[in-house]
A.B. asks: 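Let me give you the structure first, and then I'll get to my questions.
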Amino acid sequence: MDVHEYQAKELLARFNVPVPAGGLAYSPEQAAYRARELGGDAWVIKAQVHAGGRGKAGGVKLCRDRHEVWQAADGMLGHTLVTNQTGPAGKGVYRLLVEAGQNIARELYLGFVLDREHERIVIVGSDQGGMEIEEIARQHPESMHRRLVDPSVGLPAFQARDLAFALGFRGGEIAQAIKVIQGAYRAFRDLDATMVEINPLVVTQEGNVLVLDCKMQVDDNALYRRPEVADMRDRSQEDPRETHAVDRGLSYVGLDGQIGCIVNGAGLAMATLDMIKLAGGEPANFLDIGGGATPERVAEAFQLVRQDGEVKAILVNIFAGINRCDWVAQGIVQAVEQTGLDLPLVVRLSGTHVEEGRRILADSGLAITTAATLKEAAQKAVAALDGQSAAHTEVPA
Ligand code: GDP
Ligand code: MN
């Protein structure tokens with residue numbers, strides 16, 4: 001789960017990591033009020049969306065008076081922000097962070113992620129902050145410093161100090177940098193985060209070290225024991241298709257192609273996506289109905305997959321163990337009879353009660369294409385999508 005920048009800062013502050021003074025606003029009036037409350041003569045208005053790249057997209061505005069604050073807030077709230085990380089649809093802006101403007105002397109990068117190869121939390125730092133980490137890696141690879149943290153020891157002060165030196169902190173900045181590095185590490189560990197990215201970490205002209213921006217991701221599977229983090233969920237920032245499915249106990253993943261997939265089990269889903277690609281097609285999504293799906297659940301899954309505007313054909317691939325092919329078939333027939341079928345539909349059933357399942361589909365009189373194997377099903381789905389290109393596509397055995 002992603003959290004907003006202001007929430008990530010709130011969490012970091014609990015671990016004594018310094019962040020700029022700021023407050024949340026839901027209206028331009030509230031933003032102007034926040035600015036007055038903060039005092040000073042410069043404020044930064046920041047769109048709160050689950051994506052970075054806001055600076056270049058107009059989602060971060062430096063303002064010099066309260067009228068500018070009001071206008072910047074009015075220009076963002078209720079609008080959609082498209083950045084290089086939101087995808088073309090963008091994200092809705094419904095909350096703003098109003099912060100005291102900082103006089104930036106230097107911008108650095110500090111990231112915490114899981115290194116699965118080493119089975120450690122890895123800290124990545126660079127004195128070239130403010131740009132994306134991929135860009136830093138391309139343009140200034142020599143500036144990147146990596147430190148693996150031994151989980152049995154944690155992050156001792158000497159290791160944080162060593163990193164602070166490598167990043168060019170000097171004099172009075174060092175103790176502050178250590179506070180940030182150790183605090184962010186503890187936040188990562190104690191909140192079950194999978195990513196904490198501070199970009200930029202800044203040194204102000206007054207010599208203060210502050211977290212100016214932070215992105216945080218938390219492990220979904222740990223939310224049950226982090227209720228204070230779970231409460232930070234913002235549905236307005238999620239893919240509505242995925243939220244809809246989760247609420248119904250189905251797991252849905254949205255993709256960019258044209259073939260909608262209904263499968264049972266994540267492994268089978270992966271195999272189905274691979275086979276569609278091999279056959280020359282692109283999956284639009286996949287919906288995992290899981291084990292023991294009733295006809296009603298299958299019908300719901302069907303509706304969800306169809307609702308996706310990009311879907312031009314549907315492929316159902318069921319390898320039934322706990323599931324029953326007859327129930328899946330009933331669900332499909334139910335869904336199609338309720339709403340009509342305006343898309344090509346290819347169904348491959350295998351396993352428990354397969355004969356009964358096939359009979360239900362055949363007896364329904366609906367225009368359903370059946371397939372005996374996954375390979376055949378993928379080819380037929382792609383062919384249904386685009387007869388011409390599929391005619392030349394041969395899937396290797
Ligand atoms: P992102 O583009 O979504 O990553 O948003 P950031 O919060 O990182 O802001 C982008 C850039 O805006 C930063 O790298 C800074 O250069 C600039 N910025 C943000 N806050 C301030 C501030 O208080 N003062 C100044 N001068 N610049 C700021
Ligand atoms: Mn940033």
Side-chain angles (χ1 to χ4, degrees), residues 2-13 17-25 31 34-35 37-66 68-69 72-73 75-77 79-87 90-113 124-137 139-140 143-144 167 180 184 195-217 234 237:
D2 288 318
V3 300
H4 285 296
E5 173 197 6
Y6 79 92
Q7 294 165 327
K9 284 175 167 171
E10 218 172 276
L11 292 170
L12 285 180
V17 175
V19 299
L24 205 59
R34 287 287 185 210
E37 196 177 49
L38 287 167
D41 55 8
W43 301 274
V44 182
I45 308 302
K46 310 185 78 176
Q48 297 300 287
V49 291
H50 284 182
R54 297 165 301 168
K56 288 181 192 137
V60 176
K61 290 237 165 81
L62 186 66
C63 303
R64 293 288 171 189
D65 60 48
R66 286 208 293 281
E68 276 181 33
V69 168
M76 290 184 207
L77 281 169
H79 291 90
T80 301
L81 185 67
V82 181
T83 81
N84 60 352
Q85 295 181 17
T86 57
K91 300 257 185 200
V93 183
Y94 307 108
R95 308 175 194 192
L96 301 175
L97 176 60
V98 182
E99 276 187 345
Q102 306 296 322
N103 301 310
I104 300 172
R106 305 200 312 270
E107 294 191 326
L108 299 97
Y109 176 96
L110 192 60
F112 299 73
V113 282
V124 181
S126 162
D127 59 7
Q128 302 289 320
M131 60 177 111
E132 282 169 42
I133 186 64
E134 293 82 6
E135 215 172 312
I136 300 175
Q139 295 183 20
H140 308 280
S143 78
M144 307 226 319
L167 293 174
V180 172
M195 198 255 311
V196 173
E197 185 181 64
I198 299 170
N199 190 21
L201 172 68
V202 299
V203 181
T204 66
Q205 281 163 16
E206 297 79 21
N208 297 320
V209 179
L210 287 173
V211 169
L212 211 66
D213 183 23
C214 181
K215 250 198 282 183
M216 197 184 285
Q217 272 168 8
D234 180 359
Q237 300 295 307

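Starting from 1, each residue takes its place in the sequence as its number. These numbers come from the heavy atoms of this one structure, side chains and all, not from hydrogens, waters or symmetry mates. In each ligand, atom 1 is the first atom listed, and ligand 1 is the first ligand listed.
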A.B. asks: Among all protein heavy atoms, pick out the one at the shortest distance from atom 22 (C) of ligand 1; state its residue, atom name and that distance to 0.1 Å.
C.D. replies: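 Checking every protein heavy atom, the shortest distance to atom 22 (C) of ligand 1 gives V44 CG2, 3.4 Å.
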A.B. asks: Please state which protein non-hydrogen atom is closest to atom 7 (O) of ligand 1 and give its distance, to 0.1 Å?
C.D. replies: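 Closest protein heavy atom to atom 7 (O) of ligand 1: K46 NZ, 2.6 Å.
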A.B. asks: Would you check if the side chain of Q85 reaches a backbone N or O of G52 as a donor-acceptor pair within less than 3.5 Å?
C.D. replies: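 It does hold such a pair.
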A.B. asks: Need the ligand 1 atom indices (1-based, order shown) with element for anything under 4.0 Å from a heavy-atom of G101.
C.D. replies: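 The list of qualifying atoms is 23 (O).
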A.B. asks: Minimum heavy-atom separation for I45 to C63, with atom names?
C.D. replies: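 Here I45 and C63 meet closest at CG1-SG, 3.8 Å.
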A.B. asks: At a 4.0 Å threshold, what atoms of ligand 1 neighbour a non-hydrogen atom of G52?
C.D. replies: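 Listed by number with element, the hits are 3 (O).
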A.B. asks: In a check of side chain to side chain donor-acceptor pair (under 3.5 Å) between E5 and each of R95, K215, R54, which one passes?
C.D. replies: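 Result: among R95, K215, R54, R54 is the only option passing the side chain to side chain donor-acceptor pair (under 3.5 Å) with E5.
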A.B. asks: Grab the two heavy atoms, one from H4 and one from V49, that are nearest each other, plus how far apart they are.
C.D. replies: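 Smallest interatomic distance, heavy atoms only, reads ND1-N, 3.7 Å.
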A.B. asks: Using side-chain heavy atoms (C-beta onward) and a distance below 4.5 Å, is D213 in contact with V60?
C.D. replies: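 Not in contact.
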A.B. asks: Which atoms from ligand 1 have a heavy atom of I104 less than 4.0 Å away?
C.D. replies: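 That gives atoms 24 (N), 25 (C), 26 (N), 27 (N), 28 (C) of ligand 1.
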A.B. asks: Hey, is atom 25 (C) of ligand 1 under 4.0 Å from any protein heavy atom?
C.D. replies: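 Neighbour list for atom 25 (C) of ligand 1 includes protein heavy atoms (cut-off 4.0 Å).
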A.B. asks: Could you tell me which atoms of ligand 1, counted from 1 in the order shown, lie closer than 4.0 angstrom to a heavy atom of N199?
C.D. replies: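 Taking each heavy atom of N199 in turn, ligand 1 has 8 (O) under 4.0 Å.
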A.B. asks: Do I136 and M131 have side chains that get closer than 4.5 Å, going by heavy atoms?
C.D. replies: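 A side-chain contact under 4.5 Å exists here.
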A.B. asks: For atom 9 (O) of ligand 1, what's the nearest protein heavy atom and its distance?
C.D. replies: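 For this ligand atom, the closest protein heavy atom is V60 CG2, 3.9 Å.
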A.B. asks: For atom 11 (C) of ligand 1, state whether the nearest protein heavy atom is under 4.0 Å away.
C.D. replies: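 Not a single protein heavy atom is under 4.0 Å away.
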A.B. asks: Just need the protein heavy atom nearest to atom 6 (P) of ligand 1, so name the residue and atom and give the distance.
C.D. replies: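 Answer, as residue, atom name and distance: D213 OD2, 3.4 Å.
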A.B. asks: Quick check: does A51 get an N/O under 3.5 Å from an N/O on ligand 1?
C.D. replies: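 Checking ligand 1 against A51, no N or O pair falls under 3.5 Å apart.
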A.B. asks: Hey, which of E132, E197, Q128 is the one that makes side chain to side chain donor-acceptor pair (under 3.5 Å) with Y109?
C.D. replies: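 For Y109, the side chain to side chain donor-acceptor pair (under 3.5 Å) check succeeds only for E197.
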A.B. asks: Regarding ligand 1, does E5 bring an N or O atom to under 3.5 Å of one of the ligand's N or O atoms?
C.D. replies: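 In fact, backbone or side chain, E5 has no N or O that close.
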A.B. asks: Donor-acceptor check, side chain of N199 to backbone of G130, threshold 3.5 angstrom: yes or no?
C.D. replies: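 Yes, because the side chain of N199 sits within donor-acceptor range (under 3.5 Å) of the backbone of G130.
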A.B. asks: Please determine if the Mn ion (ligand 2) has an N/O/S atom from D213 lying under 2.8 Å away.
C.D. replies: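 Yes.
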A.B. asks: Identify, with sequence neighbours excluded, every residue that meets side-chain hydrogen bond (donor to acceptor under 3.5 Å, both in side chains) alongside R34.
C.D. replies: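 Result, side-chain hydrogen bond (donor to acceptor under 3.5 Å, both in side chains) vs R34: E37.
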A.B. asks: Looking only at protein heavy atoms, which one is nearest to atom 2 (O) of ligand 1, and how far off is it?
C.D. replies: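 The protein heavy atom lying closest is G55 N, 2.8 Å.
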A.B. asks: Measure the distance from atom 18 (N) of ligand 1 to every protein heavy atom, then report the residue, atom name and distance (to 0.1 Å) of the closest one.
C.D. replies: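 Answer, as residue, atom name and distance: L212 CD2, 3.9 Å.
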A.B. asks: For atom 1 (P) of ligand 1, what is the closest protein heavy atom, and at what distance to 0.1 Å?
C.D. replies: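 Of every protein heavy atom, R54 N, 3.6 Å lies nearest to atom 1 (P) of ligand 1.
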A.B. asks: Taking all atoms of both residues into account, what is the closest heavy-atom pair of L12 and C214, and its distance?
C.D. replies: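 In this case the closest contact between L12 and C214 is CD1-SG, 3.7 Å.
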A.B. asks: Considering only protein heavy atoms, which is closest to atom 13 (C) of ligand 1, and at what distance to one decimal place?
C.D. replies: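 Ranking protein heavy atoms by distance from atom 13 (C) of ligand 1, first comes E107 OE2, 3.6 Å.
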A.B. asks: Backbone N or O of G55 within a donor-acceptor pair of the K46 side chain at under 3.5 Å?
C.D. replies: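 Checking the backbone N and O of G55 against the side chain of K46, no donor-acceptor pair under 3.5 Å is found.
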A.B. asks: Under 4.0 Å from a heavy atom of P200: give me the atoms of ligand 1 that qualify, with their elements.
C.D. replies: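 Answer, ordered by atom number: 8 (O), 14 (O).
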